[in-house]
Chemist: 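I am attaching a structure below and will ask some questions about it afterwards.
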Number of protein chains: 2
Amino acid sequence: MDRRQLKTRKAIFQAFRSLLEKKRYDHITVQEIIDEADVGRSTFYAHFETKDLLLDAMCEELFYHMFEHDPCPWVGRDADLEGKLAHILWHIRDSKNDLSGILLSDSGDLFMRYFKSHLRVVFEQHMGFFKVDVPCDFLLNHLVGSFAETVQWWIKEGMKTSPEMTAKYFMTMTETH
Amino acid sequence: MDRRQLKTRKAIFQAFRSLLEKKRYDHITVQEIIDEADVGRSTFYAHFETKDLLLDAMCEELFYHMFEHDPCPWVGRDADLEGKLAHILWHIRDSKNDLSGILLSDSGDLFMRYFKSHLRVVFEQHMGFFKVDVPCDFLLNHLVGSFAETVQWWIKEGMKTSPEMTAKYFMTMTETH
DNA sequence: TTCGTTACCGAACGCTCTGTTCGATATTTA
DNA sequence: TAAATATCGAACAGAGCGTTCGGTAACGAA
């Protein structure tokens, strides 16, 4: 990939992230993005057809490492659920892209939607763990939603508790004694 | 209130709701709303300064009855939590404003935010019921988020299970045996 | 019914943003 | 070095925004 392309792409992402912390997604204009990124108008449209597709691309990049690659050293691919969840929290806290700021922004729900769709896959692999007398799809939906809420709460509180402890809180709420 | 005002307000709300089922909130233009509502441009702005304030006003109206007034006949003000939750579900299902369609639309998250803020108050009155070893604000956040997820799941599945049964599902997930 | 009040209409306004085009310029890769 | 290509920047038509204002029609009170 041409270095110029990477540089432009990075500048746009950075500008976009910066704006997202100041105002809501649907109030951000392409004009503002290219001003902030210091990029030509036509250049922006050469990279992204629309603002929505820019959002898609950024989500792809934000969550790629968290769910697919670059695993936390102390968590293997066959870790237990609690370990995996702690890993996700660890990743959010130490993200270089200020992921926590984005998830908590006024447009956080937009990113939460992507986040949840990835979480769903994780939980699907551990459904056997939960033995409750409710419909299976209800349970899955519940777990994904609950953990997403847990993450939001955790960030809002300044991520004071450790990833491990936070994951434990969540598991406590879902335990089937 | 002047009949003309009520008629206009109703037409705008109706048009807005109709559009929300077809496309995302931030893709809806004021132009489309006034076309659909068959209302003059200046008339719209006489009622609502911005599209965001229209959203606010509509949420106010949508959730007013659910949380404050017009209680379901078989649920008193001092009902237990499960009863209150069932009442809320009952209200969503039988709403004349197609509340379920709105909550499930592409912009459902916007309305969920309002919904959750009201739910918070309800759960706050019943925190004594839950005895779990996690921080109190974590617990409250968890309950509100979980129930919101439950509602979303319920609507998506076509509201097949009864409000009572659905409330029971939820309580099952949060029981502290 | 009458009459003063008030809400609506509709056209027009300057403005901002959109998404596209194109030739000139600068950078990169081979 | 040379060919390819990414960026720039200006310009464009089109759409939406939010406001203004005079004319019209519906309203509510007497």
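Every chain is numbered from 1, with letters handed out A, B, ... down the list of sequences.
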Chemist: I need the NE2-P distance between B:His27 and C:dT18, as an integer number of Å.
Modeler: 11 Å
Chemist: Angle class for the A:His65/A:His91 ring planes (parallel below 30°, perpendicular above 60°, tilted otherwise)?
Modeler: parallel
Chemist: Taking protein heavy atoms under 4.0 Å as touching, what does nucleotides 11-24 of chain D look like 5' to 3' if B marks base contact, S marks sugar-phosphate-only contact and - marks none?
Modeler: -----SBBBB----
Chemist: Can you tell me the distance, in whole Å, between the CZ atom of B:Phe48 and the C1' atom of C:dC8?
Modeler: 15 Å
Chemist: When hydrophobic residues are tied together by side-chain contacts of less than 4.5 Å, even through go-betweens, does B:Met127 share a cluster with B:Phe67?
Modeler: yes
Chemist: Between atom CZ in A:Arg3 and atom P in C:dT27, what is the gap in whole Å?
Modeler: 12 Å
Chemist: Would you call B:Asp106 and B:Lys23 a salt bridge, taking side-chain N to carboxylate O under 4.0 Å as the test?
Modeler: no
Chemist: Please check if the number of heavy atoms outside A:Glu49 that lie under 6.0 Å from its CD is greater than 12.
Modeler: no
Chemist: Would you please confirm or rule out a distance under 4.0 Å between OP1 or OP2 of C:dC9 and any side-chain N or O of B:Thr43?
Modeler: yes
Chemist: Could you check whether A:Asp52 and B:His27, counting side-chain N and O atoms only, form a donor-acceptor pair closer than 3.5 Å?
Modeler: yes
Chemist: Counting only side-chain N and O atoms of B:Arg4, is one of them less than 4.0 Å from OP1 or OP2 of D:dA25?
Modeler: no
Chemist: Side chains of A:Thr43 and A:Thr8: any donor to acceptor distance under 3.5 Å?
Modeler: no
Chemist: Distance check needed: C:dC8 C1' versus B:Leu6 CG, whole Å only.
Modeler: 14 Å
Chemist: Would you call A:Arg17-A:Glu36 a salt bridge at under 4.0 Å N-O?
Modeler: no
Chemist: With a 4.0 Å cut-off on heavy atoms, is A:Asp35 in touch with a base, just the backbone sugar-phosphate, or nothing at all?
Modeler: nothing
Chemist: Looking at A:Lys51 and A:Glu32, is any side-chain nitrogen of the basic one under 4.0 Å from a carboxylate oxygen of the acidic one?
Modeler: no
Chemist: How bent is the helix from C:dT1-D:dA30 to C:dA30-D:dT1, comparing axes over its five end pairs at each side, to the nearest 10°?
Modeler: 50°
Chemist: Measure the acute angle between the ring planes of A:Phe147 and A:Phe170, then classify it against the limits of 30° and 60° as parallel, tilted or perpendicular.
Modeler: perpendicular
Chemist: When you measure from the side-chain N and O atoms of A:His47 to the phosphate of D:dT7, is any distance below 4.0 Å, counting only OP1 and OP2?
Modeler: yes
Chemist: In whole Å, I'd like the distance from the NZ atom of B:Lys10 to the P atom of C:dC8.
Modeler: 15 Å
Chemist: Rounding to a whole Å, what distance do you find between B:Phe44:CZ and C:dC9:P?
Modeler: 13 Å
Chemist: Measure from CG on A:Asp26 to C1' on C:dT18 and round the result to the nearest Å.
Modeler: 16 Å
Chemist: Once you round it to whole Å, what is the distance between P of C:dT6 and CE of B:Met1?
Modeler: 14 Å
